[in-house]
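The structure under discussion appears below in the form of structure tokens.
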Amino acid sequence: MNDNALNFDLDKFRVTDVDSAYYIKDFITKKEEQELLNKIYSAPKPKWVVLKNRRLQNWGGVPTERGMLSESLPSWLTTCTFPKFSTLGLFNDCEKFKLPNHCLINEYESGQGIMPHEDGPFYYPTVVTISLKSHTILDFYKHLNSMNCIMAKANNGESKSYYSAPEFSLLLEPRSLLVLKHDLYKTYLHGIQEVKFDNLNEKNILNYNLTDMADDFETNNCTILKRDTRISLTYRIVEKVVKAKLFNVAKK
Ligand SMILES: O=C(O)CCC(=O)C(=O)O
Ligand SMILES: [Fe+2]
């Protein structure tokens, strides 16, 4: 996206009916997307943390309760993104840091996802996510209570509770930016269902008008999107940091 087009005006990207969510399609160009992918896939193998339903890379340090032993973000993660974040003033309200110091990269294959969750206490409550390669649907759920959970018996006879339908969802297209702030962060859990296809008509998607699908929405086309491998870059501020100290080795 041409930085002038960002025009300092975050408000025109606000998702209607959702406080504190903003969606900017084509936030980065195809060339920038490819450059990021090349770097991500050339990271040494041990950089990947492999989980059951996705794999991830931590950049900037690993956040812990005692603070994050912080390292600077590599320039390939900041060169094309930070000037745009600054133009939009995305992190201006954070006194201590005006730009993110942590980036979590998640890779989901088609059919993989992430359970509904809150992002934990380490992060400053403004989070921005860039999607690469494939779309996904990010679902928002109210915290589990008797109204929105379904009790089911697992194979071993144990009762387990599941979330029923999400309250609302956002369509995240490749090269887009999602900004989530304060209230949204606390009031809802977010998650990605483990499916290979998304039937958009079955979802309460609130950002259609800001996506490339806006026209299909107008004409009420039934749209099924096939998920491919998706990479997400989630940039955040971790306020509690511990600086790595250099120790002088005493001369003998
Ligand atoms: O991949 C995404 O867009 C969401 C990732 C996420 O919620 C997380 O890592 O906490
Ligand atoms: Fe999250």
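One-based numbering, in listed order, for ligands and for the atoms of each. Bear in mind the structure is a predicted one, so any value in this text is a computation, not a measurement.
- With respect to Asp212 and Lys25, a salt bridge is recorded, a charged nitrogen being found less than 4.0 Å from a carboxylate O.
- The protein atom (non-hydrogen) at minimum distance from atom 8 (C) of ligand 1 is His117 NE2, 3.8 Å.
- The side-chain tip of Arg236 points at the ring of Tyr123 from less than 6.0 angstrom away and within 45° of straight on.
- By the criterion of a separation under 2.8 Å, the protein N/O/S atoms near the Fe ion (ligand 2) amount to His117 NE2, Asp119 OD1, His190 NE2.
- Each of the atoms 5 (C), 9 (O) of ligand 1 lies under 4.0 Å from some heavy atom of Asn106.
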After noting the C-alpha distance and the side-chain angles of Phe91 and Tyr124, does the key distance pass the ring-ring contact (aromatic ring centres under 6.0 Å, His included) rule? CA-CA 9 Å; Phe91 295 90; Tyr124 186 77; 7.4 Å; no
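- Ion pairing between Asp198 and Arg227 holds under the 4.0 Å rule for side-chain N and carboxylate O.
- Using a cut-off of 4.0 Å between Lys/Arg side-chain N and Asp/Glu carboxylate O, Asp93 and Lys181 are scored as salt-bridged.
- Against a heavy-atom cut-off of under 4.0 Å, Leu104 is close to the following atoms of ligand 1: 9 (O).
- Shown in contact with Ser232 at under 4.0 Å from a heavy atom are these atoms of ligand 1, numbered in order with element: 1 (O), 2 (C), 3 (O).
- Pairing each heavy atom of Tyr108 with each of Asn53, the nearest pair is CD2-O, 4.4 Å.
- Using a 4.0 Å cut-off to heavy atoms of His190, the atoms of ligand 1 that qualify are 7 (O).
- Between Lys39 and Glu35 there is no salt bridge, since no side-chain N of the basic residue sits under 4.0 Å from a carboxylate O of the acidic one.
- Cluster note: Leu104 groups with Val49, Leu51, Leu56 through ILVMFWY side-chain heavy atoms spaced under 4.5 Å, whether in direct contact or through intervening members.
- The aromatic ring centres of Tyr23 and Phe13 sit 6.0 Å or more apart.
- Note on Arg230 versus Glu173: no salt bridge recorded, every NZ/NE/NH1/NH2 to OD/OE distance being 4.0 Å or above.
- Ile237 and Pro100 make their closest contact through CG1-CA, 3.7 Å (heavy atoms, listed as atom of the first residue, atom of the second, distance).
- Atom numbering of ligand 1 starts at 1 in the shown order; those under 4.0 Å from a heavy atom of Arg230 are 1 (O), 2 (C), 3 (O).
- Near Asp119, the atoms of ligand 1 lying under 4.0 angstrom from a non-hydrogen atom of the residue are 10 (O).
- The N/O atoms of Thr129, backbone and side chain alike, include none that comes under 3.5 Å of an N/O atom in ligand 1.
- Of the polar atoms of Arg54, none of the N or O atoms is found under 3.5 Å from an N or O of ligand 1, judged by distance alone.
- For ligand 1, the atoms lying closer than 4.0 Å to a non-hydrogen atom of Tyr108 are 1 (O), 2 (C), 4 (C), 5 (C).
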